[in-house]
Every structure is written in structure tokens, then in C-alpha cells.
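Here the structure is laid out as C-alpha cells; the discussion comes afterwards.
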Number of protein chains: 2
Amino acid sequence: MPKVTEAHREARRDEILAAAQRVFARNGYRGSSVPMIIKESGLSAGAIYSYFDGKEVLFRAVVERTLELKSSQFASDPDSDPRSPGELMQQILQGMQGEPILTIAPQIWAEAAVEPEIRAVLSQVFERLTSMLRTELTAWADTHPDRTGADPQAWAARITPVLFSAIPGFILQRLTLDDFDEQAYLDALIDTYPH
Amino acid sequence: MPKVTEAHREARRDEILAAAQRVFARNGYRGSSVPMIIKESGLSAGAIYSYFDGKEVLFRAVVERTLELKSSQFASDPDSDPRSPGELMQQILQGMQGEPILTIAPQIWAEAAVEPEIRAVLSQVFERLTSMLRTELTAWADTHPDRTGADPQAWAARITPVLFSAIPGFILQRLTLDDFDEQAYLDALIDTYPH
DNA sequence: GTCTATAATAGGATAGAC
DNA sequence: GTCTATCCTATTATAGAC
């Protein structure tokens, strides 16, 4: 199998997914059609279907692409100091300014509610993210026992699901409220959690 | 205009909406069709269309019905003591055990992301809910200045959007994670906020 | 007011040429 | 590998009878 062709296929695949992501971000999952994606990509029906089996598969691939991209941004740097709850959230949420993720995330949630396959993908991402949060928070609690109590691990495990909620909360309020104050939200987060 | 007919029309309308809500809760917005709702309601196409102009209108009505029903449950009782952040959330989240709202809420969010009319409805509900939260929190902070600082109103305003996030966070984790521990989540909420 | 039957359309998917 | 043309199904919406 020639390497050039393989690379070309991969590039084209990604090109299609990028187009699909734009369409889904503009119109939602329900509001998007394969013809729209075909038009956006500049390719033809035949080409699209030779890469992906249909709208559902296309969406799953976009979901994986989007979530993987996002969650990879938050990977912890083992060399740097452990981050406080507020710093963690600040870093995560600041990567979401005007991003397509703001529109696409709710589409994923809605599909996850009714499609087991999408739910499985989302579930994995949630688990990866919360696990990363828990690890970071444990490390931070280790160095701040005065603010988090005697058992850093227990504290981190308890707090993680609550802190995690700040992500969908941010996305939804950002999306919905015209006068949502992002900076105030971040400040309040820092204020709410030990720092 | 005879009163019986008016009441009958209203009852039938609600009957249709209840059926539509069940269908949307099972299949999501995208996965639901008008024929499904027709079947679920036990009525006919003609009957449904004589009450509602189509799937979109049907969904908007279901959204309004669902959100209004939910948010009315949280209205504060002026006679009782102001509730702490944890108590407030406990009361709100405990009304969501296995409810259709768990599936429908994400459908609403997804549509809100792309449909201005749905977004407007959701926005109003968010504003009503956060305003109610803010009022309750201010009242509580008034009686607990030692835990909330000198300015109860400022404290409540800052904390409200963060506390509010606990609602979508609960719904999403409840929906997605098989081993989500609701009680631990509520406990952690109480622990996180002043109490 | 409600029913059944059907028209109209859109969207998903494929076949076959280049 | 990609394109154009086309088929097919599902879904929306309506017309006309009861």
C-alpha cells in the first residue's frame, strides 16, 4: 500500500470531518443534512459516502474528533506545579471562547440522551476528564492540607463531580444568556473552591 | 363560545402535549416524528394538525410546558426559613429522579443552540431560575454574614451562576455515567458551599 | 372535530460513468 | 477516487369524507 495514497486519504478524511463540524456547529445535528456537508466540503456525494457510511457515522466521527481535540488540551504537564481548582477551570474554560464546541457540545449531549453509541463516547470522555481533574486536585490538595482536610484523595473525589459541572454550566449560560459575564463566572469559581 | 367546548379543547391540547413529551423523551427531538406522536396520542393526523402546526410548534409547546412545570416547583415559600445553597440544590435536584426532564433537557439545550425561538424560551427560564436562586441566597446570606461576608447581595450575585451550573452538571452526569452517585453529589454540593 | 387516504418533498443512499 | 444522476424511503402536511 503506497504511503502517499494513505496520507492523502487521511487528509481528505479530515477535510470532510472539518466541513461536517462546521455544518453541525451552524445547524445542529438535526438541522444538518448530508447534502449540506457535501456542499460545504466541495466534494460530491459519492466521495463523501466512500469515506463515511452516512450522517450518523459522520456525526460520531465529528464527536470523537471534537472531544479528543478538546480533552487533549487539558492534559497535565507533569513538570509544572499542581493547579488549584480555579486555575484548572480557568484553563479549561478559556479554551472555549467562541469555539464551535459551544454549539456542538449540546448536540452531543442531546444525542447521548437517546443513542447508546454516542453516550458511550461521551461517557468515556467524561471519565477521562473527571479522572484527570481528580488526579490534579489530589496533587494540589496534597500540598494544601490546611485548605482541603486530612485526606486529599477523598477530598478530590468528592469535589470533582461538582467542579466538573462548571463546564456544562459555563457552556449553557454562555450560549443562552446575552449578558453572561465570563470573567465574573471564573472569578466566582476561584472564590467558591479552596485557593 | 360554549364553555364545555373550550375546556374540552384545552384538555385535548394537553393530552396531545403529554403524548408528545413522552415521545420526545424516548427518542429525542431529532428521533421523533409526527406519526409517532399521532400513534402515542391515539388520535389521528388531522386531529393533531388541527391543534398544532407541526413538529416544531409541538416541540416548542412541550418545551414551554416542561420548563414551566419544573420551574414552578421551585418557587420559594415566603413563610419558611431561607434555604442554604445545599438545601436549595437538594430540593431542585431531587425533583429529577428518573423524570422525562433528564432526556428532554438536553434536547432543549441542543435546539436552543441553533433555534433563536427555543433559545429565547430557555433564556427566560434560566433568568427566572437564577433570579429565584439569587433572591433565596441573598436572604440566607443575610442571616449568615459570618459565612458569606459583609455584602449578602454581592455574594449571592457572584455565587448564583456557579451554583446554577450544578443543575446541568447533575443532569449530564446522571445521564451519562452508569455509576454516578447522586447522593455523593448532593453531599459534595453542601460541602462546597457555605452551610 | 376527527378520521383515512394521499399528495408533496426532502433527505439518505447507491449505481454506473469517467 | 471522484463525479453525476437517480432511486427509494421516511416524513411532513393536507384534502375531503364522516
Side-chain angles (χ1 to χ4, degrees), chain A residues 1-63 107 110-111 114-115 117-118, chain B residues 1-63 107 110-111 114-115 117-118:
Chain A
M1 209 180 279
K3 222 177 179 180
V4 220
T5 304
E6 197 46 46
H8 174 259
R9 246 194 100 78
E10 198 47 49
R12 171 93 349 144
R13 216 187 113 89
D14 204 65
E15 204 179 299
I16 294 170
L17 284 183
Q21 196 196 42
R22 287 193 298 275
V23 173
F24 286 135
R26 272 203 301 277
N27 311 105
Y29 181 51
R30 174 201 60 90
S32 300
S33 67
V34 177
M36 282 179 190
I37 295 169
I38 290 166
K39 201 176 169 193
E40 176 81 22
S41 71
L43 295 173
S44 66
I48 276 28
Y49 275 95
S50 81
Y51 284 90
F52 299 96
D53 272 347
K55 181 176 167 177
E56 211 177 307
V57 172
L58 223 24
F59 184 67
R60 253 202 322 272
V62 167
V63 168
Q107 311 304 318
E111 283 308 296
V114 291
E115 288 287 334
E117 302 210 353
I118 298 286
Chain B
M1 207 179 282
K3 220 175 181 181
V4 220
T5 304
E6 196 48 45
H8 174 260
R9 243 194 102 78
E10 198 47 50
R12 173 92 351 144
R13 214 187 113 90
D14 204 64
E15 204 179 300
I16 294 170
L17 285 183
Q21 196 197 42
R22 286 193 298 275
V23 172
F24 287 137
R26 273 203 300 277
N27 311 106
Y29 181 51
R30 173 201 60 89
S32 301
S33 67
V34 178
M36 283 177 190
I37 294 169
I38 290 167
K39 200 175 169 193
E40 176 81 21
S41 72
L43 295 174
S44 67
I48 275 32
Y49 275 95
S50 83
Y51 285 89
F52 298 96
D53 273 347
K55 179 175 166 177
E56 209 176 308
V57 173
L58 223 23
F59 183 68
R60 254 202 320 272
V62 167
V63 167
Q107 311 304 317
E111 283 308 295
V114 292
E115 288 287 333
E117 302 210 353
I118 298 285

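Reckoned from all heavy atoms, side chains included, excluding hydrogens, waters and symmetry mates. In what follows, chains carry the letters A, B, and so on, assigned in the order in which the sequence lines appear, proteins first and then strands, with residues in each chain numbered from 1.
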Checklist entry - Would A/Glu115 and A/Arg60 count as a salt bridge (charged side-chain N to carboxylate O under 4.0 Å, His left out) if you check the C-alpha gap in whole Å, the side-chain angles of each, and the deciding distance to 0.1 Å? => result CA-CA 11 Å; A/Glu115 288 287 334; A/Arg60 253 202 322 272; over 6 Å; no

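Annotation: proximity of residues 10-18 of chain B to DNA chain C (heavy atom, distance under 4.0 Å) is found for B/Arg12, numbered in ascending order. Listed by residue number, B/Leu43, B/Ser44, B/Ala45, B/Gly46, B/Ala47, B/Tyr51 are the residues of residues 28-57 of chain B with a heavy-atom contact under 4.0 Å to DNA chain C.
In plain terms, the two heavy atoms of B/Ala45 and B/Ile38 that are nearest each other are CA-CD1, 3.5 Å. When every heavy atom of B/Gly54 is checked against every heavy atom of B/Tyr49, the shortest pair comes out as CA-CE2, 3.9 Å. Nearest heavy-atom pair, A/Asn27 versus B/Val114, reported as atom, atom and distance to 0.1 Å: C-CG1, 3.4 Å.
In this structure the side chain of B/Gln107 never reaches within 4.5 angstrom of the side chain of B/Val63, judged on heavy atoms.
Rounded to whole angstrom, the span from the CG atom of B/Leu58 across to the P atom of D/dA13 amounts to 10 Å.
Ion pair B/Glu6/B/Arg9 not flagged as a salt bridge, since none of the NZ, NE, NH1 or NH2 atoms sits closer than 4.0 Å to an Asp/Glu carboxylate oxygen.
Residue B/Glu15 places its CD atom among more than 12 non-hydrogen atoms of other residues, nucleotides or ligands, all under 6.0 Å distant.
In this structure, B/Lys55 is not positioned above the aromatic face of B/Phe24 in the sense of NZ or CZ being under 6.0 Å from the six-membered ring centre and within 45° of the axis.
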